[in-house]
Amino acid sequence: MGLGRSGTTFLAKLIDSSPDVLYRHEPDAVLPTDMPSLISTEDIEHHLPNARAFVKAMVQCRRLRANGHQPVFKKAYRSALGNLAFRPMVLSTKVAEKLRLSPMDTLPDLIADDGRETLCLIKSVSALGRARLYAEASPNMASIHILRHPCAVIASMQTGIEKGVMGSNLYLDSLFAQKEAARYPFTLEDIQEAAPEEQAAYRWMLLNDKAAADMAGISGYLQIRYEDLCTQVDRISQQVFDHLGLAVGKQTERFIDDISRPQKSDGASYFKIKRPITSALDKWKTKLNEKEVARIQAIVSHSALGRAYFEEPATLAAAS
């Protein structure tokens, strides 16, 4: 889990490269629910029955968006024939959807009936405000919270808005309806009148702080940084796989090798991960000007998570 543009897809596909992982890509974006996106810890008990049912629904979601995200990896829980069939099944279903040739919107998992256990991985950019609720609804579930430099997230969001592939609504009203808003010296009116990058910085701060605070003390919670994942991919991958009880196997090693290799990334689209692993680390420095960066820093400086990104590199490395 993490904010959109924080490296959630890259991290998820890294984990999905394990042959034992059954991947669900943002099932909460296609499944209906009446649960609020931001839930106070005091309200968790009230929402627990719905949350338990929703977690099960996410695990079982076979909609194309949730079950057909590429790249497709070979899985141990599929037969040889199942592995051969799944990739073309994904591609043909996507083509049919694009051409509106078929109403089919689900993909079977093609799990062989051999009693093998699988680990279901749910990737979400909407779960930060429900992190504690999901943890209590499913106590055996591990959680990984990925953070990325606020300037990088905001610059990428701006690019997405300019390309017309992301919306610009930050739902400030719902952010300020949370008790966590009282931690910061800003009113709703202050942020509504602020520059767009300041509004986005406030959202980055509140949502990441809320998830970190809500999950404090939860043994299944792991927090990592996108920058560390990119620059220390072997070490952080091992940490993540250890957290999930998975082994880093040959397929994962090949995936890491592939994305670590210098390559042309001009053809990579906005939502794809087919680009060199470190290629997007510093792009924000050419997208944002000094005043925008200073305004973002002034907002997130009210958060320990935010301040860490503007400390000296040596201090940042020591802290990690």
Apply side chain to side chain contact (heavy atoms under 4.5 Å, CB included) to residues Leu110 and Leu81 and explain how you reach the verdict.
CA-CA 9 Å; Leu110 301 184; Leu81 183 59; over 6 Å; no
Assess the residue pair Leu175 and Ile191 against the criterion (side chain to side chain contact (heavy atoms under 4.5 Å, CB included)); give the C-alpha distance rounded to whole Å, side-chain angles, the decisive distance to 0.1 Å, and a yes or no.
CA-CA 11 Å; Leu175 296 180; Ile191 299 300; over 6 Å; no
Could you check Val300 against Arg307 for side chain to side chain contact (heavy atoms under 4.5 Å, CB included), going step by step and ending with a plain yes or no?
CA-CA 6 Å; Val300 303; Arg307 286 193 299 274; over 6 Å; no
For Leu305 and Leu147, what are the C-alpha separation, side-chain angles and deciding distance, and is it a side chain to side chain contact (heavy atoms under 4.5 Å, CB included)?
CA-CA 9 Å; Leu305 295 176; Leu147 293 141; 4.1 Å; yes
Determine, step by step, whether Asp257 and Ser260 satisfy the side-chain hydrogen bond (donor to acceptor under 3.5 Å, both in side chains) criterion, reporting the C-alpha distance in whole Å, the side-chain angles of both residues, the deciding distance to 0.1 Å, and the verdict.
CA-CA 5 Å; Asp257 181 64; Ser260 301; over 6 Å; no
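Take Phe73 and apply the ring-ring contact (aromatic ring centres under 6.0 Å, His included) test, not counting sequence neighbours, and it matches Phe255. In this view, Lys94 and Leu64, Gln70, Val90 satisfy the side chain to side chain contact (heavy atoms under 4.5 Å, CB included) rule, not counting sequence neighbours. A search for ring-ring contact (aromatic ring centres under 6.0 Å, His included) contacts involving His47 returns nothing, not counting sequence neighbours. For Asp28, the side chain to side chain donor-acceptor pair (under 3.5 Å) criterion is met by Ser124, not counting sequence neighbours. Looking at residues two or more places apart in sequence or on another chain, you find no ring-ring contact (aromatic ring centres under 6.0 Å, His included) involving Tyr226. Residues satisfying the side chain to side chain contact (heavy atoms under 4.5 Å, CB included) criterion with Thr8, sequence neighbours excluded, are Lys123, Val125, Ile146. Partners of Arg62 under the side chain to side chain contact (heavy atoms under 4.5 Å, CB included) rule, at least two apart in sequence or in another chain, are Arg24, Gln60, Asn67, Asp109. With sequence neighbours excluded, the residues forming a ring-ring contact (aromatic ring centres under 6.0 Å, His included) with Phe176 are Tyr202, listed by chain and number.
Remark: Glu162 CD is packed, more than 12 non-hydrogen atoms of other residues, nucleotides or ligands lying under 6.0 Å away. Counted within 6.0 Å of CD on Glu189, heavy atoms from surrounding residues, nucleotides or ligands total more than 12; the atom is thus considered enclosed. Heavy-atom neighbours of Lys291 NZ from other residues, nucleotides or ligands within 6.0 Å: at or below the threshold of 12.
In terms of modelled atom types and a separation under 3.5 Å, the side chain of Gln251 and the main chain of Lys74 share a donor-acceptor contact. Checking side-chain atoms of Ser40 against main-chain N and O of Asp43 turns up no donor-acceptor pair under 3.5 Å. Although no hydrogens or angles enter the test, the distance criterion places a donor-acceptor pair under 3.5 Å between the side chain of Thr286 and the main chain of Lys283.
Looking at heavy atoms from C-beta onward, Lys13 lies in side-chain contact with His69 at the 4.5 angstrom threshold. For the pair Ile15/Ile144, a side-chain contact is recorded, criterion being any heavy-atom separation below 4.5 Å from C-beta on. Between Val293 and Phe310 there is a side-chain heavy-atom pair separated by less than 4.5 Å. For the pair Gln199 and Ile299, the minimum side-chain heavy-atom distance is 4.5 Å or more. The shortest side-chain heavy-atom distance between Glu292 and Lys287 does not fall under the 4.5 Å cut-off. Taking 4.5 Å as the limit, every side-chain heavy atom of Asp20 sits out of range of all side-chain heavy atoms of Leu119. Using a 4.5 Å heavy-atom threshold, the side chains of Arg52 and Lys56 count as separate. Between Asp173 and Gln192 there is a side-chain heavy-atom pair separated by less than 4.5 Å.
In the hydrophobic clustering (ILVMFWY side chains linked at under 4.5 Å, chained through shared members), Tyr77 is joined by Leu22, Ile111. By the 4.5 Å side-chain criterion applied to Ile, Leu, Val, Met, Phe, Trp and Tyr, Tyr134 is assigned to a cluster that also includes Val30, Leu31, Met35, Ile39, Ile44, Leu48, Phe54, Val55, Met58, Val59, Ile122, Leu133, Met141.
Judged as a side-chain hydrogen bond (donor to acceptor under 3.5 Å, both in side chains), the pairs with a partner in residues 137-149 (not counting sequence neighbours) are, in order, His145-Asn208, His145-Tyr221. Identified under the side-chain hydrogen bond (donor to acceptor under 3.5 Å, both in side chains) test for residues 236-246, with sequence neighbours left out: Gln238-Asp242.
Atom CG in Asp16 sits 11.0 Å away from atom OG1 in Thr9 (nearest 0.5 Å). The structure places CD1 of Ile259 at 8.5 Å from OG of Ser17, a figure rounded to the nearest 0.5 Å.
We find that Arg132 and Glu136 are joined by a salt bridge, their nearest charged nitrogen and carboxylate oxygen being less than 4.0 Å apart.
Ala213 and Arg183 get closest at one heavy-atom pair: CB-NH2, 3.6 Å.
Looking only at atom types and distance, the side chain of Tyr309 has a donor-acceptor partner in the side chain of Glu227 under 3.5 Å away.
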